[in-house]
Protein chains: 2
Amino acid sequence: MDVREEPAGLLQAPPDVNARNCPSRVILEHVTSRWGVLVLAALIDGTLRFSELRRTVGGVSEKMLAQTLQTLERDGFVHREAHPVIPPRVEYSLTPLGKEAADQVWALARWTEDRTGQVIAARRTYDEARA
Amino acid sequence: MDVREEPAGLLQAPPDVNARNCPSRVILEHVTSRWGVLVLAALIDGTLRFSELRRTVGGVSEKMLAQTLQTLERDGFVHREAHPVIPPRVEYSLTPLGKEAADQVWALARWTEDRTGQVIAARRTYDEARA
DNA sequence: CAGGATCCAGTACGATACTG
DNA sequence: CAGTATCGTACTGGATCCTG
């Protein structure tokens, strides 16, 4: 028996191929994806334009940024506002739902940073043990 | 100016290629990886054997489970205990560090499940808007 | 400026077969 | 049982070029 209330679908995957069609897993993968995490974190402070995001989230290509933003917008995490001016001006911000996700993801990111030293040390121990 | 204290390294990536060598990002990717999340969540309840994990985390292949466990063990999140008996018996559990990570990841997973309906609805709205 | 389209390399992943 | 080894594929993600 499981004391914890099972999410019924997240851990116990459907019988089909790769469980990719389990809705909650897919959403979780969007939120925890490589760039999804960083984009959400970057938008916590407020609205940012495409190029600002690109500078804030270092290392992201245009393609992946656009793709990540579309996914997050479609899932209802990010609000996109395009101003019909020339040159184009598009602003991205978090929806209330996105803010909730971003807060959690950001907490995890901060936690990870704080423990980086511990993890590095653990790795050295691990590596030395089998050298 | 940024009100929030910057993690200095997580968002602002190093100038080199793809920022993959930023230590905290790599760790974050391990923890938030597709199977990493689910393995951590599965171990919250306590110790599990390899085959038990394979059944608990539905859809994971032997290869990916072994690989994920090794990564998490090396990072110091998972403790591996091999009993020298025949047939082999290997038990996996969370370290204190891993428990902290698992709790956060699990909270995020639960949150995602709770909001799945909202996200599906957002997607419909989004899709209909451009149909 | 904000992105779409295209091409291509690397890798993540799964299926299968095999071992101590 | 608990993996490792090998293989083949599908997808990720970056570089580059192009457009309104």
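Below, chain A is the first sequence line, B the second, and so on; all start at residue 1. No hydrogens, no waters, no symmetry mates; every other heavy atom, side chains included, goes into these values.
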(request) Please figure out whether Leu69(B) or Gln67(A) has its closest DNA chain D nucleotide nearer the 5' end. (result) Leu69(B)
Quick one: [X] [atom1] to [N] [atom2], roughly how many Å, whole number?
X         : N       : atom1 : atom2 : answer
Glu29(B)  : dA12(C) : CD    : C1'   : 13 Å
Leu38(A)  : dG13(D) : CG    : P     : 11 Å
Arg54(B)  : dG14(C) : CZ    : P     : 10 Å
Leu48(A)  : dG3(C)  : CG    : P     : 13 Å
Glu52(B)  : dG3(D)  : CD    : C1'   : 16 Å
Phe50(B)  : dG3(D)  : CZ    : P     : 6 Å
Arg130(A) : dG3(D)  : CZ    : P     : 12 Å
Arg34(A)  : dG10(C) : CZ    : P     : 15 Å

Are there any protein N/O atoms within less than 3.5 Å of an N/O atom in nucleotides 4-7 of chain C, and if so, which ones and at what distance?
unit_1 : atom_1 : unit_2   : atom_2 : d
dG4(C) : OP2    : Gln70(A) : NE2    : 2.3

(request) May I ask you to establish whether Arg54(B) and Phe50(B) are in a cation-pi arrangement, using a distance under 6.0 Å from NZ or CZ to the six-membered ring centre and at most 45° from the ring axis? (result) no
(request) Would you mind reading off the bend of the helix from dC1(C)-dG20(D) to dG20(C)-dC1(D) from its two end axes, five pairs each, to 10 degrees? (result) 50°
(request) Grab the two heavy atoms, one from Val57(A) and one from Val60(A), that are nearest each other, plus how far apart they are. (result) O-CG1, 3.1 Å
(request) Write down the atom of Ile120(B), the atom of Pro23(A), and the distance for their closest heavy-atom approach. (result) CD1-CB, 4.4 Å
(message) In the structure I gave you, are the side-chain heavy atoms of Leu108(A) and Val105(B) within less than 4.5 Å of one another anywhere?
(response) yes
(request) Using heavy atoms and a sub-4.0 Å distance, could you list which residues of residues 86-95 of chain A are near DNA chain C? By number, please. (result) Pro87(A), Pro88(A), Val90(A), Tyr92(A)
(message) side chain to side chain contact (heavy atoms under 4.5 Å, CB included), that's the test. Do Leu97(B) and Val119(A) meet it? Break it down for me.
(response) CA-CA 9 Å; Leu97(B) 189 65; Val119(A) 171; 4.1 Å; yes
(request) Please check the phosphate of dA2(D) (OP1 and OP2 only) for any side-chain N or O of Ser51(B) closer than 4.0 Å. (result) yes
(request) Could you tell me whether the phosphate oxygens of dG3(C), OP1 or OP2, come under 4.0 Å of any side-chain nitrogen or oxygen in Arg49(A)? (result) no
(message) Using only atom types and a distance under 3.5 Å, with no angle test, would you say the side chain of Arg25(A) pairs donor to acceptor with the backbone of Leu11(A)?
(response) yes
(message) Using the rule that Ile, Leu, Val, Met, Phe, Trp and Tyr join whenever any side-chain heavy atoms are under 4.5 Å apart, tell me whether Trp106(B) and Trp111(A) fall into a single cluster.
(response) yes
State which residues pass salt bridge (charged side-chain N to carboxylate O under 4.0 Å, His left out) with [X]; sequence neighbours excluded, sorted by chain then number.
X         : result
Glu52(B)  : none
Arg89(A)  : Glu91(A)
Asp114(A) : none

(request) Answer with yes or no whether the side chains of Glu81(A) and His79(A) bring together a donor and an acceptor at under 3.5 Å. (result) yes
